Amino acid sequence: MRSVTYSMNVSLDGYIVGPDGRFDWSDPDDDVFRFWIDEIRDVGVHLLGRRLYETMLYWETADQDPSLDASTREWTALWKPLPKVVFSHSLTAVQGNARLASGDPAQEIERWRAEPGEGDIAIGGATLAADVAAAGLIDEYRTIVYPVLVGGGVPFFPRNERRVDLELVETRTFGSGVVYLRHRVAR
């Protein structure tokens with residue numbers, strides 16, 4: 001069965017976006033960007049919330065920029081064809097290889113798990129991840145922890161006041177001080 005993973009950049013104090021709405025502190029260096037390229041290869045479908053979808057729209061046309069380096073072209077070549085499901089009640093249309101969904105994320109996940117195919121079901125966006133976590137459907141939490149305290153903002157982890165036991169599966173420390181932590185939900 002396909003795993004459901006939730007992975008995003010996060011500040012050391014647990015936020016994906018600071019109180020000012022910015023996330024420029026999470027610009028990846030070359031090693032971290034290479035890591036993200038390798039990670040996206042294992043994704044079969046990406047479920048996104050509206051805000052993350054709008055942020056990632058850049059990649060739908062990035063390959064038209066002739067000044068892009070090889071790594072950026074490689075990421076774009078992997079991201080564009082990847083099936084995406086965007087959860088939003090305010091959007092009326094989406095671009096690229098994306099489909100708009102306004103229903104229950106749990107039903108969408110069960111549908112993807114039932115279909116033949118390979119690759120993880122990746123979750124992106126804190127609000128969407130909170131809904132999926134509340135349903136007990138996240139199998140792995142993958143954090144790319146940046147050495148910065150932003151003091152507030154949008155938290156990576158849902159505040160649903162329930163305990164979730166985790167098993168550490170993998171760690172990696174990058175030269176920039178960024179740390180990757182991969183935890184599996186203990187079931």
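Being a predicted model, the structure only gives us computed values, none of them experimental. Note that the numbering runs from 1 along the sequence shown for the chain.
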- Query: For the hydrophobic clusters of this structure (ILVMFWY residues joined by side-chain heavy atoms under 4.5 Å, transitively), does one cluster hold both Leu166 and Val169?
  - Reply: no
- So CD1 of Ile123 and CG of Leu137: to nearest 0.5 Å the spacing works out to 8.5 Å
- Give the minimum heavy-atom separation between Leu52 and Gly125, together with the two atoms involved. CD2-N, 3.7 Å
- Message: Looking at every non-hydrogen atom in both residues, tell me the closest pair between Pro19 and Gly152 and how far apart they are.
- Response: CD-O, 2.9 Å
- Message: Going by side-chain hydrogen bond (donor to acceptor under 3.5 Å, both in side chains), name the residues that satisfy it together with Trp112, two or more places apart in sequence or in a different chain.
- Response: Glu108
- Scan for salt bridge (charged side-chain N to carboxylate O under 4.0 Å, His left out) pairs involving residues 166-177, sequence neighbours excluded, and state none if there are none. Glu170-Arg182
- Over all atoms of both residues, closest heavy-atom pair of Ser176 and Pro147: O-CG, 4.2 Å
- Would you call Arg184 and Asp139 a salt bridge, taking side-chain N to carboxylate O under 4.0 Å as the test? no
- Query: Looking at Thr143, Val164, Val10, which one forms a side chain to side chain contact (heavy atoms under 4.5 Å, CB included) with Phe157?
  - Reply: Thr143
- Message: Using side-chain heavy atoms (C-beta onward) and a distance below 4.5 Å, is Ile138 in contact with Thr5?
- Response: no
- For Trp79 and His46, the nearest pair of non-hydrogen atoms, with its separation, is CZ3-CD2, 3.7 Å
- Working to the nearest 0.5 Å, report the span between OG1 of Thr76 and CD of Gln64. 10.5 Å
- Item | CZ (Phe156) with more than 12 external heavy atoms under 6.0 Å | yes
- Task: Decide side-chain hydrogen bond (donor to acceptor under 3.5 Å, both in side chains) for Asp13 and Ser11; before the verdict, give the C-alpha distance in whole Å, the side-chain angles of both, and the deciding distance to 0.1 Å.
- Result: CA-CA 5 Å; Asp13 54 350; Ser11 65; 2.5 Å; yes
- Query: So do Asp63 and Asp65 actually touch side chain to side chain, heavy atoms under 4.5 Å?
  - Reply: no
- Val179 side chain near Leu181 side chain, heavy-atom distance below 4.5 Å: yes
- Between Leu78 and Trp59, does a side chain to side chain contact (heavy atoms under 4.5 Å, CB included) hold up when you go through it step by step? CA-CA 10 Å; Leu78 293 166; Trp59 298 106; over 6 Å; no
- Roughly how far, to the nearest 0.5 Å, is CE of Met56 from CD of Gln95? 13.5 Å
- Message: Would you compute the distance between atom CD1 of Ile121 and atom CD of Glu115 and round it to the nearest 0.5 angstrom?
- Response: 9.5 Å
- Hey, is the main chain of Gly153 close enough, under 3.5 Å, to the side chain of Tyr15 for a donor-acceptor pair? no
- Evaluate the side chain to side chain contact (heavy atoms under 4.5 Å, CB included) criterion for residues Asn97 and Glu60: first the C-alpha distance (whole Å), next the side-chain angles of each, then the deciding distance (0.1 Å), finally the verdict. CA-CA 9 Å; Asn97 194 19; Glu60 295 301 325; 5.8 Å; no
- Lys80 to Trp75 six-membered ring, cation-pi geometry met (6.0 Å, 45°): no
- Message: Once you measure the plane-to-plane angle for Tyr141 and Tyr6, does it fall in the parallel (<30°), tilted (30-60°) or perpendicular (>60°) bin?
- Response: perpendicular
- Message: Taking salt bridge (charged side-chain N to carboxylate O under 4.0 Å, His left out) as the cut-off, I'd like each qualifying pair that reaches into residues 1-11, sequence neighbours left out, listed once.
- Response: none
- Task: Take Leu82 and Val45 through the side chain to side chain contact (heavy atoms under 4.5 Å, CB included) test and state the conclusion after the steps.
- Result: CA-CA 6 Å; Leu82 181 67; Val45 61; 5.8 Å; no
- Item | Separation of Ser26 OG from Ile16 CD1 (nearest 0.5 Å) | 9.5 Å
- So, do Arg34 and Asp30 sit near enough that their side-chain heavy atoms are less than 4.5 Å apart? no
- Search all heavy atoms of Val150 against all heavy atoms of Gly18 and return the closest pair with its distance. CG2-CA, 3.9 Å
- Message: For Leu128 versus Gly124, what's the shortest heavy-atom pair and its separation?
- Response: CD2-O, 4.0 Å
- Indicate yes or no: at least one non-hydrogen side-chain atom of Phe23 is less than 4.5 angstrom from one of Thr55. yes
- Query: After noting the C-alpha distance and the side-chain angles of Val185 and Asp165, does the key distance pass the side chain to side chain contact (heavy atoms under 4.5 Å, CB included) rule?
  - Reply: CA-CA 6 Å; Val185 173; Asp165 292 321; over 6 Å; no
- Query: Angle class for the Phe35/Phe174 ring planes (parallel below 30°, perpendicular above 60°, tilted otherwise)?
  - Reply: perpendicular
- Query: Can you tell if the side chain of Val148 reaches within under 4.5 Å of the side chain of Leu12, non-hydrogen atoms only?
  - Reply: no
- Query: Under a 4.5 Å cut-off applied to non-hydrogen side-chain atoms, are Val178 and Ile144 in contact?
  - Reply: yes
- Query: So does Arg22 have more than 12 non-hydrogen atoms from other groups sitting under 6.0 Å from CZ?
  - Reply: no
- Asp120 and Arg142 ion-paired at < 4.0 Å: yes
- Distance (rounded to the nearest 0.5 Å) between Ser90 OG and Arg51 CZ: 9.5 Å
- Item | Heavy-atom side-chain contact between Thr171 and Tyr180 under 4.5 Å | no
